[in-house]
There are 2 protein chains.
Amino acid sequence: MLSKADAEAVRAQNRRLVIDHFRHQPVSTRRRMSAVTGLSLSAASSIASDLVRVGILSESEPVDRQRSRGRPEVGLHLRGAAASVAVLKISVGEIAVSLADYQGQVLAALRRDVDLSALSADAFVALARSVLSDGLETLSPQHGPLRQVVATVQGVTDGAERRIIWSPILKPRGIDLATPLEALTGARVRVLNDCGVMPERFRWGNEIGSPDFAVLFIGFGVGMGLRLSGRTFRGAQSSAVEFGHLNHIPGGDLCRCGNRGCIEAYAGDYAIWRAAKGASPSLFEKRVPDAAMKDLADAAREGETAAVLAFERAGEAIGYGLGRLFTLMDPLPVVFIGSGAEAMDLLEVSIRRAIKASAIDGIGADTPFVVMSDVDKVTLEASTTLALAALDEAFSTAASGPVEEAAE
Amino acid sequence: MLSKADAEAVRAQNRRLVIDHFRHQPVSTRRRMSAVTGLSLSAASSIASDLVRVGILSESEPVDRQRSRGRPEVGLHLRGAAASVAVLKISVGEIAVSLADYQGQVLAALRRDVDLSALSADAFVALARSVLSDGLETLSPQHGPLRQVVATVQGVTDGAERRIIWSPILKPRGIDLATPLEALTGARVRVLNDCGVMPERFRWGNEIGSPDFAVLFIGFGVGMGLRLSGRTFRGAQSSAVEFGHLNHIPGGDLCRCGNRGCIEAYAGDYAIWRAAKGASPSLFEKRVPDAAMKDLADAAREGETAAVLAFERAGEAIGYGLGRLFTLMDPLPVVFIGSGAEAMDLLEVSIRRAIKASAIDGIGADTPFVVMSDVDKVTLEASTTLALAALDEAFSTAASGPVEEAAE
DNA sequence: GAGACTTATTCCAAGCCTCGGAAAAAATCG
DNA sequence: CGATTTTTTCCGAGGCTTGGAATAAGTCTC
């Protein structure tokens, strides 16, 4: 719905613009900011001074001391101590926490090995609280107040970003994680699907070179995050984009989710293993070790037929899925990540062949693929970026000083 | 990308708000408008008077003459003569044109039977020009200037909304239709996929009761339009949402598009006919008459096995497609339209069963279905709405009088 | 070392826009 | 015909951006 605009909205929008500039240009000056944003020098200066006053920006020595003549420019950058954010990554064997300041500097990181498989909802929440709590202990008063927490988990989360509707790594369903963590921290907490946030990792860079792209995780499961027209896609009611459970073949192989024919049932670690080794379906109760998958990939590289076929089948499932996605929303560059992405040499040909077979005119069969490593790092960075972006938004619209008032 | 805001942007935004109000409330007053939009009485009044001055709004007698006391309210409504729009619907056997004024009143409508199948690009463009030209003859000077043209066609159009990339009803590919029509009319021309615009039909009403929904056309082909978070979805490079060519079964039945296994190859008229009658694949060179499909449906209703199975197969393909769509972007209410929608009694059970089998947890199997009739009317209304919405946008941002200047 | 020269910021008056409240307009009621 | 009621318009205040003038803070030149 449209909403009315007034002078306050103008200021908010321009503050947003300025803060966003510092996400792209960590150290800048009033003058440069004016040029980049298109704001007049006066407006840019006024907003900058305002933000310094309320503690969102800091002034510092300029970096660029090449130009000799003239009054030296005053360096400006986001003030780390303006606030801090926490991200919580809940995955199969562990819970990881990472803290960052407003500038994006990582303040602390820790992880705890846990077995979530048998926990009740309450026990799980208590465990999450405890791990997050441990992380917060490392925050000292010199750090800014914790303002945002982002928790990610494999599975489906709700559209309000508060509950875990369903996760393959948890027995109970519909767990409200946001409320107890908000009670613990006093900060805003958002609960999201882990793959869904991944595109955020590229929010402020231009690594992909397109405002539209997909991030495809292939590992113990298969998941996707979409960025469309520069916005990370989320469904209205849930985290959506359940690419791993996009049906590949009606009535096909059995998937962890209980349905038949999901992409994951062909391309997840357990599915590739199952296809190559003829293991029983109950295999997906536990993870296939990364090392075992590596060995399997090596076997395929050496030409072992069953292994080769298993990877080809996986590539075909992924390719048909991408072809279907492209049919619905045009071809996108795809970032591959996760242990499965390590085997891209075994998958790429069949992926592209399947896209060709399933998309109109074979469109998208030549879309750019990017392979990235270190999923854990990418996920944590993505969550941190999302948390910081939410803070930016809050700081933009806050009528008065959002952090601390003038007198200090 | 974010853009800076200033006083002008504020005015533009609030004008947009006011114009939009009149789309929902065709006859209103300054006071009511102020209440609904949230603008102060002064601002609302100022904008309204402004719009009257430049000829976008007209004043008239109030409708509601119940309330007796007090100064009578001045009725306000969009001024039809502010501009006019044309829509061009290019389909298998005919080209239809419809003209409407800025208020949405239809000024004229005509159709011409044509055979497009053998035409060259130039001949096709000449024909389209000629039909549109005939339509424009009916415009008299008392009507506002033609400002927007929307042409719809079955097939894929480009993201810039100028070209027909590929259409099953035309031999040549990549036809630039916008440029010649702009030369003819002097108005902005947009070329779009016919099904893609359908959701526009519901832009200003609340018939669906949700900002997210899908319109699914089932007939000689299968097509879809999506509305997500109150915006009609379009791909970055093309019209996208080629639901009919979403792959249903890898390597499955042959489709008109040349691929195998598309939904259309199971659920299009020709596919149902083919399945029931065992006709040759080349059948899809020409349309199955609506009457023949009706007879087939009646046969199925009377229990003729081949017919029943053909419709069930169609429903299954559609249901799997919807399940896949819902897996990617959450369940949506679906509006069914087209000759295939007449057979919903034969399709619904298998559609819902297939959704259940293909979406996680069967989510969306109970999503609301709405059946509408008269595709042609809906398409023309949808295109008209889209054209008017573009005009609204242009009138909102125009700094000064967009139609005619004060003196008149 | 002082004045000229440069470049970055800040200050200021002008122009828009919205807002709230007062004033004006246009009917009906008694 | 005056009082009352309800809708609009008018007016001053306050916030924001803008362009240009003024100020600040260095380097360069002689």
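The sequence lines fix the lettering, A, B, ..., with proteins before strands; numbering per chain opens at 1.
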Among D:dT7, C:dT10, D:dT9, the one nearest any side-chain atom of A:L41 is C:dT10
Walking DNA chain C from its 5' end, the first of B:L39 and A:S45 to be reached, judged by nearest nucleotide, is A:S45
Closest of C:dT9, D:dT5, D:dT8 to the B:T29 side chain is D:dT8
Please tell me if A:R30 has a side-chain N or O lying less than 4.0 Å from either OP1 or OP2 of C:dT10.
yes
Requested in this report: Establish, with yes or no, whether the OP1 or OP2 oxygen of C:dC17 is under 4.0 angstrom from a side-chain nitrogen or oxygen of B:N14.
Outcome: no
Out of D:dT18, D:dT5, D:dC16, minimum distance to the side chain of A:R11 belongs to D:dC16
Any side-chain N or O of A:R31 less than 4.0 Å from the OP1 or OP2 oxygen of C:dA8? yes
Walking DNA chain C from its 5' end, the first of B:S40 and A:E59 to be reached, judged by nearest nucleotide, is A:E59
The nucleotide from C:dT18, D:dT7, D:dT27 with an atom nearest the side chain of A:D6 is C:dT18
Ranking C:dC19, C:dC16, D:dT9 by distance to the side chain of B:A7, first place goes to C:dC16
Assess the side chains of B:T385 and B:R201: does a donor N or O sit below 3.5 Å from an acceptor N or O? no
Q | Residue pair B:R23 / B:L78, side-chain heavy-atom distance below 4.5 Å | A | yes
* Asked: Just to confirm, is there a sub-4.0 Å distance from OP1 or OP2 of C:dC19 to any side-chain nitrogen or oxygen of A:K4?
  -> yes
With a 4.0 Å cutoff (strictly under), does any side-chain N or O of A:R71 reach OP1 or OP2 of C:dT9?
no
Winner on side-chain proximity to B:S42, out of C:dC5, C:dC19, D:dG15, is C:dC19
Applying a 4.0 Å non-hydrogen cut-off, can you work out what B:A43 is touching in the nucleic acid: base, sugar-phosphate, or nothing?
sugar-phosphate
Next on the checklist: Base, sugar-phosphate or nothing for A:S46? Non-hydrogen atoms, less than 4.0 Å.
Outcome noted: nothing
Taking D:dT9, D:dG26, C:dA25 as options, the one with an atom nearest any side-chain atom of A:P72 is D:dG26
- Ion pair present between B:R234 and B:E161, side-chain N to carboxylate O less than 4.0 angstrom? yes
